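In what follows, a structure is listed as structure tokens, so that the remarks can point back to it.
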Number of protein chains: 2
Amino acid sequence: MRMTIDPMGAPPGTLDMMILSLLVEEPLHGYLLARRIEERSGGVLGIEEGSLYPALQRLRKRKVVSDEWLTQESGRKIRVYSITRAGRKELVQTAGQWRTVNAAVEKIIQSIKGERSVRLT
Amino acid sequence: MRMTIDPMGAPPGTLDMMILSLLVEEPLHGYLLARRIEERSGGVLGIEEGSLYPALQRLRKRKVVSDEWLTQESGRKIRVYSITRAGRKELVQTAGQWRTVNAAVEKIIQSIKGERSVRLT
DNA sequence: CACGAAGCATAGATAGACTATGCGTATGAC
DNA sequence: GTCATACGCATAGTCTATCTATGCTTCGTG
């Protein structure tokens, strides 16, 4: 199953959260971020560029990421994003919220059987 | 933590899914549905009436629920909803999708520690 | 030199959830 | 008796994150 995160996908704000999460590991530019989300999700999630770039603008304005234009060896310019201190804080918070809500929803739909998928510890 | 399902809450469509899920057990009217979601989620989720009633209209138009006006003993009229065959089908499908996406997102944010919450079997 | 992948960006549409508001009835307290 | 509160349905308007569609540039490869 391959899907974008909007039409019965993930909540608004999930994209922001995922971006921040990936940036904790290392600074990345937009295009690579999209690739990473795709591979890390096992190919389940696909992020449209029309979602991604506006998201990065939001994050920048909110000061949870900083950006820097770099020129890679090839000569091509890329815009590299890093997570800020405020970003880390926001991330922990929203991730907590996200999990709380998920757990709550799962309580309600738990009787519905379907592919079993989430298993955390 | 108490929250509505929109602002960093649950994906669009989650409300529909939860409603259908509750209707599998028994027919319910709007007001009671909201109450149920609240209690079943352990008080975490709160559904606004401005979200609930439009959702019920949607579901009705989509023919995944049927409705019937009843008069309860007190004399007050209530609109009672039941899930249809098509509704059951949709529910299994969307619940599966929902879990798939959640699992995918969790894979991406798994390194972020916060309150541990989901545990399914 | 053509063509696909890499790379950034914006404009406009969509749609679900919210806020705010309105209306009306039953019930219990004072 | 009247007042507050819970019950109960509904709509209009706003918000906003995501999507679709589009445009432009550069790099690498055959």
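Keep in mind it's a predicted model, so treat the numbers as computed, not measured. Proteins come first, then strands; the chains are lettered A, B, ... in the order of their sequence lines, and each starts at number 1.
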Sugar-phosphate only, base, or nothing, as touched by A/Ser51 at under 4.0 Å among non-hydrogen atoms: base
Nearest-0.5 Å distance, CZ of residue B/Arg79 to CG of residue B/Leu28: 15.0 Å
Whole angstrom value for the distance that separates P of C/dC8 from CG of A/Leu52: 8 Å
Side chains of A/Ile83 and A/Val64 in contact at under 4.5 Å (non-hydrogen atoms): no
Touch class at under 4.0 angstrom, heavy-atom based, for A/Arg79 against every strand present: sugar-phosphate
Touch class at under 4.0 angstrom, heavy-atom based, for A/Glu73 against every strand present: nothing
A/Leu56 CG - C/dG7 P separation (whole Å): 14 Å
Nucleotide C/dG7, atom P - distance to CG of A/Leu70 in whole Å: 12 Å
Interatomic distance, A/Arg62 CZ vs D/dA17 C1' [rounded to whole Å]: 11 Å
Sugar-phosphate, base or nothing in reach of B/Gly30, heavy atoms under 4.0 Å: sugar-phosphate
Separation of D/dC15 P from B/Glu48 CD (nearest whole Å): 17 Å
Between C1' of D/dT16 and NZ of A/Lys61, the distance in whole Å: 13 Å
Sugar-phosphate only, base, or nothing, as touched by B/Glu49 at under 4.0 Å among non-hydrogen atoms: base
